Enquirer: 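Below you will find the structure I want to go over with you.
Just so you know, residue 1 is the first one in the sequence shown, and it goes up from there. Everything numeric in this text was worked out from a predicted model, so none of it was measured.
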Amino acid sequence: MRPLSEQVILVTGATDGLGRAAAAALAAEGATLLLHGRDRPKLDAAAAEIGAPRTYLADLASLDEVRRLGEEVAANESRLDALVNNAGIGTSLPGDGERMVSADGHELRFAVNYLSGYLLTHLLTDLLVASAPARVVNVSSAGQAAIDFDDVMLEDGYSGTRAYMQSKLAQVMFTIDLAEELRDRGVTVNCLHPATYMPTKIVFHARGEAVSSLEEGVRATVRLVADPELDGVTGRYFDGEVESAPHSQAHDASARAQLHELSRQLTGV
């Protein structure tokens with residue numbers, strides 16, 4: 001892999017929390033950071049603090065905006081060494097436990113936490129391959145729940161926690177499939193649970209206190225983006241800095257095939 005000082009890295013959800021801190025850590029090592037956010041003032045403030053030369057504004061609750069984001073990055077950037085799909089929403093923020101839908105009518109957590117990253121990654125695959133060796137890092141969670149393919153959008157008996165957990169498992173399943181697809185094209189794809197209940201706004205809203213430090217999550221995330229010892233390592237799930245086993249459904253090929261087909265239908269990939 002190239003030294004960080006030569007890398008261009010896109011981090012989604014980079015205006016606060018883990019995304020902002022990880023972007024700052026990577027920039028401090030000399031990488032060129034591209035920041036995504038959905039609030040222009042916050043995005044400009046993060047870019048000024050981090051020294052990011054370019055920013056991209058998009059609401060990931062709209063697939064049209066995700067498409068525009070992908071098209072803009074592909075058009076504006078000559079290379080992309082790493083994509084960090086970090087943006088996401090928690091179990092209770094927004095909505096306080098009420099079921100919400102995206103601009104496209106999909107359950108909001110599934111749309112923002114999973115579908116947006118699925119679509120954006122596919123839109124940027126050609127750029128990543130052209131920049132190889134390159135990496136995709138999906139920020140998932142240890143909180144994972146099996147996907148009920150008879151009610152993926154959780155219209156019956158909605159739970160924000162369940163919605164969050166199935167969206168995070170979907171990220172893991174996507175990681176495994178995309179890693180296999182890109183195995184011989186110079187792009188590795190991995191995912192991680194960065195740390196447990198870091199001091200972020202979604203954690204404080206859900207439970208009022210943190211367990212892990214933000215630095216733990218940053219260290220684990222930056223490792224997957226930049227550690228040369230992980231060259232060629234792909235299709236793995238990490239709990240912090242340790243390779244771990246995800247929910248058993250992640251290894252169910254038929255379930256992954258169902259998710260793949262559903263994702264294609266919903267995003268138009």
Enquirer: Measure the shortest side-chain to side-chain distance between L18 and P194 over non-hydrogen atoms and say whether it is less than 4.5 angstrom.
Expert: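 Sidechains of P194 and L18: in contact.
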Enquirer: In the hydrophobic cluster built from side-chain contacts under 4.5 Å, what are the other members alongside Y158?
Expert: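 Traced through the cluster, Y158 reaches L154.
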Enquirer: Between T55 and R40, does any side-chain donor sit less than 3.5 Å from a side-chain acceptor?
Expert: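 The answer is yes; a qualifying pair exists.
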Enquirer: Does V152 offer a backbone N or O that forms a donor-acceptor pair with the side chain of Q166 under 3.5 Å?
Expert: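 Yes: the side chain of Q166 pairs with the backbone of V152.
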Enquirer: Please check if V189 and V269 belong to a single hydrophobic cluster, counting links between Ile, Leu, Val, Met, Phe, Trp and Tyr side chain heavy atoms closer than 4.5 Å.
Expert: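 Yes, same cluster.
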Enquirer: Hey, does the side chain of Q144 reach the backbone of H247 with a donor-acceptor pair shorter than 3.5 angstrom?
Expert: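 Yes; judged by distance alone, with no hydrogens or angles, the pair exists.
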Enquirer: Which pair of heavy atoms, one from A170 and one from I147, lies closest together, and at what distance?
Expert: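 Looking at all heavy atoms of both residues, the closest pair is CB-CD1, 4.0 Å.
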Enquirer: CZ/R236 to SG/C191 distance, rounded to the nearest 0.5 angstrom?
Expert: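 Reported to 0.5 Å precision, the distance equals 11.5 Å.
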Enquirer: So V222 and L26, do their side chains get closer than 4.5 Å, heavy atoms only?
Expert: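 They are in contact (side-chain heavy atoms under 4.5 Å apart), so the answer is yes.
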Enquirer: Any Lys/Arg nitrogen of R20 or E49 sitting under 4.0 Å from an Asp/Glu carboxylate oxygen of the other?
Expert: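 Looking at R20 and E49, the cut-off is met.
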Enquirer: Is V11 linked to M1 within one hydrophobic cluster, defined over Ile, Leu, Val, Met, Phe, Trp and Tyr using a side-chain heavy-atom separation of less than 4.5 Å?
Expert: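 No, separate clusters.
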Enquirer: As an exercise, state the distance from CG of L10 to CG of L120, rounded to the nearest 0.5 Å.
Expert: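 It is 6.5 Å, given to the nearest 0.5 Å.
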Enquirer: Are the side chains of R223 and R219 in touch, meaning some heavy atoms are under 4.5 Å apart?
Expert: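 Of all side-chain heavy-atom pairs linking R219 with R223, none is under 4.5 Å.
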Enquirer: Kindly state each residue pair satisfying side-chain hydrogen bond (donor to acceptor under 3.5 Å, both in side chains) with at least one member in residues 114-123, sequence neighbours excluded.
Expert: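 Every pair satisfying side-chain hydrogen bond (donor to acceptor under 3.5 Å, both in side chains) with a residue in residues 114-123: N85-T121, Y114-S263.
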Enquirer: Checking side chain to side chain contact (heavy atoms under 4.5 Å, CB included) against R135, which of V84, T188, V225, N190 comes through?
Expert: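 Of all the options given, the one that passes is T188.
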Enquirer: Please report the interatomic distance CG(L69) to CG(L63), rounded to the nearest 0.5 Å.
Expert: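 If I round to the nearest 0.5 Å, the distance is 12.0 Å.
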Enquirer: Show your working on side-chain contact (heavy atoms from CB on, under 4.5 Å) between I89 and L93 and close with a plain yes or no.
Expert: CA-CA 6 Å; I89 54 179; L93 185 68; over 6 Å; no
Enquirer: For residues G70 and L124, report the shortest heavy-atom separation together with the two atoms involved.
Expert: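 Heavy atoms of G70 and L124 come nearest at O-CD2, 3.6 Å.
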Enquirer: Just do the side-chain contact (heavy atoms from CB on, under 4.5 Å) check on T125 and E181 with the steps written out, would you?
Expert: CA-CA 11 Å; T125 292; E181 180 181 333; 5.5 Å; no
Enquirer: Evaluate side-chain contact (heavy atoms from CB on, under 4.5 Å) for Q265 paired with E261, printing each intermediate quantity in order.
Expert: CA-CA 6 Å; Q265 291 174 4; E261 183 58 30; 3.3 Å; yes
Enquirer: Measure the CE-CG distance between M173 and L178 for me, rounded to the nearest 0.5 Å.
Expert: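 If we round to the nearest 0.5 Å, M173:CE and L178:CG are 14.0 Å apart.
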Enquirer: Can you confirm whether S254 sits close enough to Q249 that some side-chain heavy atom of one is under 4.5 Å from a side-chain heavy atom of the other?
Expert: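 No. Closest side-chain heavy atoms not under 4.5 Å.
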Enquirer: Please list all pairs meeting salt bridge (charged side-chain N to carboxylate O under 4.0 Å, His left out) that have one or both residues in residues 142-160, counting only residues at least two apart or in different chains.
Expert: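 The answer is D148-R162.
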Enquirer: Rounded at 0.5 Å granularity, tell me how far OG1 in T91 sits from CG in D96.
Expert: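 Those atoms lie 10.0 Å apart.
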Enquirer: Using modelled atom types and a 3.5 Å cut-off, is there a donor and acceptor pairing between side-chain atoms of R185 and backbone atoms of D126?
Expert: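 Between the backbone of D126 and the side chain of R185 there is no qualifying donor-acceptor contact (under 3.5 Å).
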Enquirer: Evaluate side-chain contact (heavy atoms from CB on, under 4.5 Å) for F149 paired with L259, printing each intermediate quantity in order.
Expert: CA-CA 8 Å; F149 287 99; L259 178 64; 4.0 Å; yes
Enquirer: Work out which heavy atom in A22 is nearest to a heavy atom in T221; give both atom names and the distance.
Expert: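 Minimum heavy-atom contact is CB-CG2, 4.5 Å.
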Enquirer: Donor-acceptor check, side chain of D59 to backbone of A61, threshold 3.5 angstrom: yes or no?
Expert: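 Side chain of D59 to backbone of A61: a pair is present.
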Enquirer: Return each pair, listed once, that meets salt bridge (charged side-chain N to carboxylate O under 4.0 Å, His left out) where at least one residue sits in residues 80-93; pairs must be two or more places apart or across chains.
Expert: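 Qualifying pairs: R2-D81, R79-D81.
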Enquirer: Looking at S213, is its backbone amide N or carbonyl O close enough to the side chain of E216 to form a donor-acceptor pair, meaning the two atoms are under 3.5 Å apart?
Expert: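 Such a contact is found between E216 side chain and S213 backbone.
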Enquirer: Do the side chains of M153 and L266 get nearer than 4.5 Å, heavy atoms only?
Expert: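 Yes; the side chains approach each other to less than 4.5 Å.
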Enquirer: Under 4.0 Å between a side-chain nitrogen and a carboxylate oxygen: does that hold for R68 and D64?
Expert: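 D64 and R68: not salt-bridged.
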Enquirer: How far apart are the closest heavy atoms of V8 and E77, and which atoms are they?
Expert: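 Result for this residue pair: CG1-OE1, 4.4 Å.
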Enquirer: Check whether any side-chain heavy atom of S102 lies under 4.5 Å from a side-chain heavy atom of D104, and answer yes or no.
Expert: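 In short, these two side chains touch, coming nearer than 4.5 Å.
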Enquirer: Answer yes or no: is there a donor N or O on one side and an acceptor on the other, between the side chain of S62 and the main chain of E65, under 3.5 Å?
Expert: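 Here the side-chain-to-backbone pair exists.
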Enquirer: Rounded at 0.5 Å granularity, tell me how far OG1 in T267 sits from NE2 in H106.
Expert: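 The NE2 atom of H106 is 8.5 Å from OG1 of T267, to the nearest 0.5 Å.
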Enquirer: How far apart are the closest heavy atoms of L127 and A74, and which atoms are they?
Expert: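 So the two residues come closest at CD2-CA, 4.3 Å.
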Enquirer: Do L182 and L128 come within less than 4.5 Å of each other through their side chains, counting heavy atoms only?
Expert: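 In short, these two side chains do not touch, never coming nearer than 4.5 Å.
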Enquirer: I need the full list of side-chain hydrogen bond (donor to acceptor under 3.5 Å, both in side chains) pairs touching residues 167-177, with sequence neighbours left out, sorted by first then second residue.
Expert: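 Checked against side-chain hydrogen bond (donor to acceptor under 3.5 Å, both in side chains) - neighbours excluded - the pairs reaching residues 167-177 are N113-S167, N138-T175, K168-Q171, D177-R256.
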Enquirer: Just by modelled atom types, is the H193 backbone N or O under 3.5 Å from a matching donor or acceptor in the S140 side chain?
Expert: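 Side chain of S140 to backbone of H193, a donor-acceptor pair under 3.5 Å: no, none is there.
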Enquirer: By side-chain contact (heavy atoms from CB on, under 4.5 Å), which residues pair with A220, not counting sequence neighbours?
Expert: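 Checked A220 against side-chain contact (heavy atoms from CB on, under 4.5 Å); matches are L192, E241.
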Enquirer: Closest approach of A31 and I9, non-hydrogen atoms and distance?
Expert: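 Taking A31 first and I9 second, the nearest heavy atoms are CB-CD1, 3.8 Å.
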Enquirer: Is it possible for you to say whether L60 and V101 belong to one hydrophobic cluster, with membership spreading through side-chain heavy-atom contacts below 4.5 Å?
Expert: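 Shared cluster, no.
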Enquirer: Closer than 3.5 angstrom, by distance alone: can the side chain of T12 be matched with the main-chain N or O of A87 as a donor-acceptor pair?
Expert: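 Yes, because the side chain of T12 sits within donor-acceptor range (under 3.5 Å) of the backbone of A87.
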